[in-house]
S.K.: 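Sharing a structure with you now.
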Amino acid sequence: MIDFFKTLISKEFLGLSIYRKFYISSLVLLVLGLPISPALVSMSQFLLLGTWLFEREFRAKFNALLSNRIAQLFLILPVLHLIWLANTVDFGYAFHDIKIKLPLILFPLILGSIKPLNRIEVKWILHALVIGTLLGTIASFIKVFIQSDVFYIDNRSVSVFISHIRFGLMVLFSILIIVYYSFADIKKYSAKKIIGLSLLLLWFLYFLVIIQSLTSWVALCAIIIAAFVKYKNNISLRKARIILSSSIIIFFLATFLLVAKVGFDFYFKPTFDLNNLPKNTQCGNPYNNQQNPVFKENGHYINILISDKELKETWSELSSLPYTGKTINGHSLKSTLIRYLTSKGLTKDRTGLLALEVNDIKLIEEGIACCVYGYKFVPYAKIYDVIWEIDRYVKTGNASNLSVVQRVEFAHAAFYIIKNNFWFGVGSGDLNSAYEDAYLKIDSNMVQTKRLRAHNQYLTFFVMFGVLGFVLSMISLFLPAFKSFNRGGFLYFCFLIMMFISMLNEDTLETQAGVTFFIVFYTIFAFLNRDQNIEELN
């Protein structure tokens with residue numbers, strides 16, 4: 001961090017023209033604000049545009065854009081949004097969407113019409129993102145773990161400034177930046193700096209575990225595989241290649257075994273014999289046992305060994321919340337308690353309830369229905385959550401409140417819209433009304449508040465533009481990468497994989513943080529001077 005601020009008085013920075021200084025400073029401030037301050041991001045864009053306008057030289061900039069095929073490709077996507085206004089009824093939403101996507105015009109226009117960044121300038125900008133991400137992780141850690149009085153913390157609330165998914169991508173990219181420059185400049189680093197970078201890398205990896213963004217972890221796995229295939233021949237020492245290959249194999253094997261363990265625990269964990277269930281509690285009260293229980297919690301059947309009478313009487317001795325009331329987060333306390341006892345493998349009676357610890361009672365009061373979620377930010381809990389959702393969806397067909405599998409319903413609605421608006425889509429502003437109508441037509445059993453859009457950027461463009469506009473939008477997204485692929489090196493390669501994978505699971509370009517993060521670094525790498533390439537890893 002100290003080295004970063006030293007660049008502000010370095011000869012490289014001081015030797016720049018006044019407009020170049022403002023230009024670089026605007027980009028530094030912007031990426032610094034991406035993880036922590038939407039206001040700073042907006043202000044920096046105005047500063048960047050103002051610098052570009054005050055510099056004038058519009059004829060030279062116009063000629064530069066005319067000769068910059070990559071910039072022209074980038075501009076196809078925002079132009080599509082404008083053209084498809086002709087196919088729109090809800091102009092209020094359309095203009096709101098265009099406002100969010102203004103960076104898709106701003107950055108190709110500005111970065112594509114002035115002198116490309118060199119690798120030193122790119123390094124300043126990349127380091128600014130790392131610093132901003134570090135500040136974001138520290139602020140989130142303080143707010144969530146120190147200032148919060150909530151016993152259980154939802155991983156989605158860990159990011160306090162922007163969406164945890166977007167923040168997870170920034171954490172992942174910061175990890176890649178640290179890895180890249182650690183290899184590229186390691187001969188220049190002192191022992192203290194190497195230790196500091198190692199600690200920073202471990203902190204970001206730890207935070208990636210805390211935030212539990214499935215999108216980031218899938219992107220990380222894809223990057224590891226793709227980067228190894230592409231760059232393995234760059235590793236000159238045979239022993240180093242063997243160590244790296246072994247490490248990757250161990251990583252994926254450990255991941256597979258963890259998933260297998262969670263799945264085995266869920267479906268094959270030893271539990272009560274359904275053919276020989278006790279009829280009465282130890283206190284002599286009759287159990288309520290469902291004949292053919294279906295639903296499980298942590299491998300145990302829910303609707304067996306329940307004594308409602310004992311639960312009600314005993315719960316009042318342990319908590320001030322009424323047994324027939326709601327948890328702190330608004331769920332049924334009775335249902336939450338029964339599921340939680342099930343997850344612990346306990347009977348749902350006085351004996352089972354008295355076996356709980358104080359921390360268990362707190363989790364139940366906050367609405368946590370499974371003891372697995374009490375584990376402090378470990379991958380096991382996230383994998384369990386996905387398996388539980390899939391199991392519940394298969395058995396009920398209802399994806400409401402199931403954050404992962406509800407994307408199946410989102411896609412179902414999207415395909416219905418595409419089928420009925422194949423050629424020209426529904427326009428730039430009619431997405432919401434189209435989805436509302438689609439959910440009714442497909443007779444979805446999802447609750448109204450969960451009937452959302454596709455959460456897939458590619459499907460969103462198909463719904464919006466139809467097949468013709470979809471093809472053009474894919475050209476605008478992917479062709480700049482093919483035409484400029486050799487300019488950005490390792491980081492460009494990893495960034496593209498990360499962002500394009502994120503679009504499979506999220507509408508990445510539908511939020512300010514997502515669209516700005518994407519287009520800023522995409523254009524920085526795509527317009528990088530060929531003679532100033534970022535050096536490849538050795």
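Numbers here are sequence positions counted from 1.
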S.K.: Start with the C-alpha gap between F517 and F521, add the side-chain angles, then the distance that decides, and say whether ring-ring contact (aromatic ring centres under 6.0 Å, His included) holds.
M.R.: CA-CA 6 Å; F517 179 54; F521 286 104; 5.6 Å; yes
S.K.: Quick one: does H412's side chain get under 4.5 Å of I442's, heavy atoms only?
M.R.: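 Yes, at least one pair of side-chain atoms sits under 4.5 Å.
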S.K.: Check this for me: F424, atom CZ, are more than 12 non-hydrogen atoms of other residues, nucleotides or ligands nearer than 6.0 Å?
M.R.: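 12 or below, so no.
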S.K.: Once you round to the nearest 0.5 Å, how far does CZ of F485 lie from CG of L496?
M.R.: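 Going from the CZ atom of F485 to the CG atom of L496 covers 7.0 Å.
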S.K.: Ring centroid separation for F22 and F54, is it under 6.0 angstrom?
M.R.: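 So the answer is no for these two rings.
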S.K.: Are F207 and F167 close enough that their ring centers fall under 6.0 Å?
M.R.: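 Yes.
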S.K.: At what distance, to the nearest 0.5 angstrom, does OG of S182 lie from CD1 of I177?
M.R.: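 S182 OG to I177 CD1: 11.0 Å, rounded to 0.5 Å.
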S.K.: Using only heavy-atom distances, determine whether the side chains of S403 and E389 contain a donor-acceptor pair under 3.5 Å.
M.R.: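 Yes - a donor-acceptor pair under 3.5 Å links their side chains.
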S.K.: Donor-acceptor pair, H455 side chain versus R453 backbone, under 3.5 Å?
M.R.: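 Yes; judged by distance alone, with no hydrogens or angles, the pair exists.
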S.K.: For the pair F462 and F422, name the ring-plane relationship: parallel under 30°, tilted 30 to 60°, perpendicular over 60°.
M.R.: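 F462 and F422: tilted rings.
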S.K.: What are the two closest heavy atoms between L53 and F58, and how far apart are they?
M.R.: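 Looking at all heavy atoms of both residues, the closest pair is O-CZ, 3.4 Å.
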S.K.: Between H81 and M464, is any pair of side-chain heavy atoms under 4.5 Å apart?
M.R.: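 When only atoms from C-beta onward are counted, M464 and H81 do touch, with a gap below 4.5 Å.
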S.K.: Keeping the roles fixed (side chain from N421, backbone from V426), state whether a donor-acceptor pair exists under 3.5 Å.
M.R.: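 Not confirmed, N421 side chain does not pair with V426 backbone.
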S.K.: Give the ring-plane orientation class for F525 versus F495, where under 30° counts as parallel, over 60° as perpendicular and anything between as tilted.
M.R.: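 Because their plane-to-plane angle lies in the 30° to 60° range, the rings of F525 and F495 count as tilted.
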S.K.: Using 0.5 Å steps for rounding, measure from the CG atom of L169 to the OG atom of S174.
M.R.: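 One finds 10.5 Å between CG of L169 and OG of S174.
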S.K.: Would you mind reporting whether L30 and L40 have side-chain heavy atoms less than 4.5 Å apart?
M.R.: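 Sidechains of L30 and L40: no contact.
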S.K.: Do R20 and L117 come within less than 4.5 Å of each other through their side chains, counting heavy atoms only?
M.R.: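 A side-chain contact under 4.5 Å exists here.
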S.K.: For F204 and F173, what are the C-alpha separation, side-chain angles and deciding distance, and is it a side chain to side chain contact (heavy atoms under 4.5 Å, CB included)?
M.R.: CA-CA 10 Å; F204 281 143; F173 194 47; over 6 Å; no
S.K.: Could you go through T137 and Y206, starting from their C-alpha distance and side-chain angles, then the distance that decides it, and tell me whether this counts as side-chain hydrogen bond (donor to acceptor under 3.5 Å, both in side chains)?
M.R.: CA-CA 10 Å; T137 58; Y206 168 67; over 6 Å; no
S.K.: What pair of heavy atoms forms the shortest contact from I497 to A226, and how long is it?
M.R.: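 Minimum heavy-atom separation between I497 and A226: CD1-CB, 3.4 Å.
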S.K.: ring-ring contact (aromatic ring centres under 6.0 Å, His included), that's the test. Do F461 and F465 meet it? Break it down for me.
M.R.: CA-CA 6 Å; F461 284 150; F465 302 132; 5.8 Å; yes
S.K.: Could you give the distance from CG (L32) to OG (S44), rounded to the nearest 0.5 Å?
M.R.: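 OG of S44 is found 8.5 Å from CG of L32.
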S.K.: Please report the interatomic distance OG(S246) to CG(L253), rounded to the nearest 0.5 Å.
M.R.: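 The OG atom of S246 sits 11.5 Å away from the CG atom of L253.
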S.K.: Counting distance only, does the side-chain N/O of N456 pair as donor-acceptor with the main-chain N or O of E506 below 3.5 Å?
M.R.: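 No, the answer is negative, given that no donor and acceptor are paired below the 3.5 Å cut-off.
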S.K.: Apply salt bridge (Lys or Arg N to Asp or Glu O under 4.0 Å) to K450 and E409, showing your working.
M.R.: CA-CA 10 Å; K450 299 299 180 181; E409 288 294 301; over 6 Å; no
S.K.: For the residue pair Y439 and Q448, confirm or rule out a side-chain donor-acceptor distance under 3.5 Å.
M.R.: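 No, Q448 and Y439 have no side-chain donor paired with an acceptor closer than 3.5 Å.
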S.K.: Does the plane of the ring in F518 sit parallel, tilted or perpendicular to the ring in Y522? Use 30° and 60° as the thresholds.
M.R.: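 F518 and Y522: perpendicular rings.
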S.K.: Apply side chain to side chain contact (heavy atoms under 4.5 Å, CB included) to W124 and L27, showing your working.
M.R.: CA-CA 9 Å; W124 296 339; L27 289 172; over 6 Å; no
S.K.: Is it the case that the side chain of S216 and the backbone of L172 share a donor-acceptor pair, with hydrogens and angles ignored and the cut-off at 3.5 Å?
M.R.: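 It does not hold such a pair.
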S.K.: Of the options D507, T460, T88, which is the one that meets L431 in a side chain to side chain contact (heavy atoms under 4.5 Å, CB included)?
M.R.: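 Result: among D507, T460, T88, T460 is the only option passing the side chain to side chain contact (heavy atoms under 4.5 Å, CB included) with L431.
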S.K.: Any heavy-atom pair between the side chains of R451 and L440 that's under 4.5 Å?
M.R.: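 Of all side-chain heavy-atom pairs linking R451 with L440, at least one is under 4.5 Å.
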S.K.: If you count the non-hydrogen atoms of other residues, nucleotides and ligands that lie under 6.0 Å from CZ in F46, is the total more than 12?
M.R.: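 Check fails, neighbour count at 12 or below.
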S.K.: Nearest 0.5 angstrom please: K21 NZ to S26 OG, how far?
M.R.: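 Between K21 NZ and S26 OG, I get 14.0 Å after rounding to 0.5 Å.
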S.K.: May I ask you to test the L459-F410 pair for a side-chain heavy-atom distance under 4.5 Å?
M.R.: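 Counting from C-beta outward, L459 and F410 never come under 4.5 Å.
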S.K.: Does one side chain, of T508 or S502, offer a donor that lies under 3.5 Å from an acceptor on the other?
M.R.: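 A pair is found: one side chain offers a donor N or O, the other an acceptor, under 3.5 Å apart.
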S.K.: Do you know the tightest heavy-atom contact between L176 and L491?
M.R.: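 Nearest pair, atom of L176 first, then L491: O-CD2, 3.6 Å.
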S.K.: Are M474 and L479 side-chain neighbours, meaning at least one heavy-atom pair lies under 4.5 Å?
M.R.: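 M474 does not reach L479 side chain to side chain.
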S.K.: Search all heavy atoms of N445 against all heavy atoms of G397 and return the closest pair with its distance.
M.R.: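 Heavy atoms of N445 and G397 come nearest at ND2-O, 3.3 Å.
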S.K.: Go through the side-chain N and O atoms of R407 and N505 and say whether any donor and acceptor fall under 3.5 Å apart.
M.R.: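 Yes, N505 and R407 have a side-chain donor paired with an acceptor closer than 3.5 Å.
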S.K.: Can you check whether L66's main-chain N or O pairs, donor with acceptor, with Q72's side chain at less than 3.5 Å?
M.R.: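 Pair found, side chain donor or acceptor close to backbone of L66.
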S.K.: Any idea which heavy atoms bring A526 and Y492 closest together, and the distance?
M.R.: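 In this case the closest contact between A526 and Y492 is CB-OH, 3.7 Å.
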S.K.: Does OH in Y19 sit with more than 12 non-hydrogen atoms of other residues, nucleotides or ligands closer than 6.0 Å?
M.R.: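 Check passes, neighbour count above 12.
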S.K.: Does the side chain of V515 come within less than 4.5 Å of L102's, by heavy atoms?
M.R.: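 Answer no - side chains too far apart.
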S.K.: Report the C-alpha separation of F490 and K230 in whole Å, then their side-chain angles, then the decisive distance to 0.1 Å, and conclude whether the side chain to side chain contact (heavy atoms under 4.5 Å, CB included) test is met.
M.R.: CA-CA 9 Å; F490 173 78; K230 180 174 175 59; over 6 Å; no
S.K.: Examine the side chains of Y93 and S433 and answer whether a donor and an acceptor come within less than 3.5 Å of each other.
M.R.: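 There is no such pair (donor and acceptor under 3.5 Å, judged by atom type) between the side chains of Y93 and S433.
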S.K.: Taking Q457 for its side chain and L509 for its backbone only, find out whether a donor-acceptor pair lies under 3.5 Å.
M.R.: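 Yes: the side chain of Q457 pairs with the backbone of L509.
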S.K.: Does a donor on one side chain sit under 3.5 Å from an acceptor on the other, for Q512 and S42?
M.R.: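 The criterion, which ignores hydrogens and geometry beyond distance, is satisfied for S42 and Q512.
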S.K.: Sequence neighbours left out, what pairs pass salt bridge (Lys or Arg N to Asp or Glu O under 4.0 Å) with at least one residue falling in residues 54-67?
M.R.: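 Of all non-adjacent pairs touching residues 54-67, those that pass salt bridge (Lys or Arg N to Asp or Glu O under 4.0 Å) are E55-K61.
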S.K.: For F470 and W423, I'd like to know if the aromatic rings sit close, meaning centre-to-centre distance below 6.0 Å.
M.R.: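 Centroid distance F470-W423: not below 6.0 Å, so no.
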S.K.: Minimum heavy-atom separation for P108 and P103, please, with both atom names.
M.R.: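 Taking every non-hydrogen atom into account, CD-O, 3.6 Å.
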S.K.: Would you say W52 and S113 are linked by a side-chain donor-acceptor pair, where the criterion is simply a distance under 3.5 Å?
M.R.: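 Yes, side-chain donor-acceptor contact under 3.5 Å.
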S.K.: If you apply the rule side chain to side chain contact (heavy atoms under 4.5 Å, CB included), what do you find for C221 with F252, and how did you get there?
M.R.: CA-CA 8 Å; C221 292; F252 283 102; 3.7 Å; yes
S.K.: Could you tell me whether K441 sits above the aromatic face of Y416, with NZ or CZ closer than 6.0 angstrom to the six-membered ring centre and within 45 degrees of the axis?
M.R.: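 No, K441 and Y416 do not form such a contact.
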